[in-house]
Amino acid sequence: MAVEIVKTKTVTVEFSATVDTIGTTTLVRLPEPASRQLPSRGQVAVRGSVNGCEFRTVLEPDGDRGHWMKVDPQLRQRAHVNPGDHATIALETTPEWPEPDVPDDLRAALTGAPPHITDIWADITPMARWEWVRWVNATANPATRQRRVEVTISKMENGKRRPCCFDLSACTDPTLAKNGKLRSAN
């Protein structure tokens, strides 16, 4: 499996922010000054800490030139934070991207695909895998989602290593976004 290493300057950002929820997702919106320090308006791989508890993740764009990060239940518990709490956060950009959580439907399609497609999936960078997962997940419509899974396999069959033609700076989670922008907290 290839690891993508991009030669960029490491950026360290420290801030405090309120832990929020949108629907059932717990998250932190980066303050504007913190987001401005990052090298991209799109996704950014980071390692960091919340109240001193370490994690690795990919910051997501909020569709308004800023970023947000999911705070999963394990990190919430270790960092002793709940929605409404203020947290102290330190982030450092990293060229190594963590592996994305591949949704079951895409995983099943990849598992059932011919070996040369699974070889492409294994050979592309974690960043590229994040883009495929993000593109598949960027719809709430089950028929559109199924079509995107099929198109993923078809594009890889034709040698494509990344999806194209979607706004990398938009918030693409349909449970959290409206018109490509992160919705307000509950």
Side-chain angles (χ1 to χ4, degrees), residues 1-103 123-135 137-138 161-163 166-173 175-178 180-186:
M1 184 179 322
V3 174
E4 179 159 302
I5 303 210
V6 179
K7 292 182 181 180
T8 59
K9 179 182 169 197
T10 300
V11 175
T12 302
V13 180
E14 295 182 20
F15 59 93
S16 66
T18 302
V19 178
D20 289 323
T21 59
I22 297 176
T24 59
T25 301
T26 302
L27 57 91
V28 169
R29 295 170 193 264
L30 275 67
E32 184 180 331
S35 247
R36 275 198 317 261
Q37 294 178 56
L38 298 172
S40 168
R41 294 306 100 214
Q43 294 178 299
V44 179
V46 297
R47 66 177 144 246
S49 65
V50 173
N51 292 347
C53 296
E54 294 182 357
F55 66 91
R56 284 183 50 117
T57 194
V58 173
L59 301 177
E60 292 285 340
D62 68 4
D64 201 23
R65 302 192 50 80
H67 295 85
W68 64 276
M69 61 175 258
K70 185 181 271 189
V71 182
D72 66 35
Q74 296 83 8
L75 180 56
R76 280 180 52 198
Q77 183 177 25
R78 287 186 297 118
H80 303 289
V81 294
N82 291 302
D85 291 348
H86 266 62
T88 300
I89 300 168
L91 302 174
E92 180 181 28
T93 58
T94 178
E96 299 90 24
W97 282 58
E99 285 297 325
D101 292 327
V102 179
D123 187 55
I124 63 176
T125 65
M127 178 192 285
R129 287 190 287 274
W130 272 88
E131 287 181 15
W132 284 112
V133 167
R134 194 167 183 246
W135 182 66
N137 284 338
R161 299 173 65 82
R162 287 195 158 154
F166 74 105
D167 183 357
L168 295 174
S169 67
C171 181
T172 58
D173 185 326
T175 64
L176 303 176
K178 181 171 182 164
K181 294 188 179 201
L182 188 66
R183 291 187 292 128
S184 297
N186 295 341

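The structure displayed is predicted, hence computed values, not measured ones.
Pairs engaging residues 61-70 under the salt bridge (charged side-chain N to carboxylate O under 4.0 Å, His left out) rule: Asp64-Lys181 [sequence neighbours left out]. Sequence neighbours left out, the pairs with a member in residues 72-92 that pass salt bridge (charged side-chain N to carboxylate O under 4.0 Å, His left out) are Arg47-Glu92.
The side-chain heavy atoms of Trp130 and Thr125, taken from C-beta on, include no pair separated by under 4.5 Å.
Within the 3.5 Å criterion, the main-chain N or O of Leu168 finds no donor-acceptor partner in the side chain of Arg41. Proximity of a side-chain donor or acceptor of Trp68 to a complementary backbone N or O of Leu30 within less than 3.5 Å is not detected. Using a distance-only test at 3.5 Å, with no hydrogens or angles considered, a donor-acceptor pair links the side chain of Ser35 to the main chain of His67. Trp135 places no side-chain N or O within donor-acceptor distance of the main-chain N or O of Thr172, the cut-off being under 3.5 Å.
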Please tabulate, for the side chains in residues 48-56, all donor-acceptor contacts under 3.5 angstrom to protein atoms that are two or more places apart in sequence or on a different chain.
| residue | atom | partner | partner atom | Å |
| --- | --- | --- | --- | --- |
| Asn51 | OD1 | Thr88 | N | 2.9 |
| Asn51 | ND2 | Ala79 | O | 3.2 |
| Arg56 | NH2 | Glu96 | O | 2.9 |

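To the nearest 0.5 Å, atom CG of residue Leu176 and atom CD of residue Glu60 are 9.0 Å apart. Between the CG atom of Leu91 and the OG1 atom of Thr10 there is a distance of 12.5 Å, given to the nearest 0.5 Å. Taking CD of Gln43 as the start and CD of Glu131 as the end, the distance is 7.0 Å to the nearest 0.5 Å.
Considering all non-hydrogen atoms of both residues, Ala128 and Arg161 come closest at CB-O, 3.8 Å. The nearest pair of heavy atoms linking Pro126 to Pro100 is O-CD, 4.3 Å. The two residues Cys171 and Ala177 come nearest to each other via the heavy atoms O-CB, 3.3 Å.
When the shell of 6.0 Å around CD of Glu14 is examined, it contains 12 or fewer heavy atoms from other residues, nucleotides or ligands.
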* To do: Give the C-alpha distance, both sets of side-chain angles, the deciding distance and a yes or no for side-chain contact (heavy atoms from CB on, under 4.5 Å) between Arg29 and Ile22.
  => CA-CA 11 Å; Arg29 295 170 193 264; Ile22 297 176; 3.6 Å; yes
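Put simply, the residue from Asp20, Val19, Asp173 that forms a side-chain contact (heavy atoms from CB on, under 4.5 Å) with Leu27 is Asp20.
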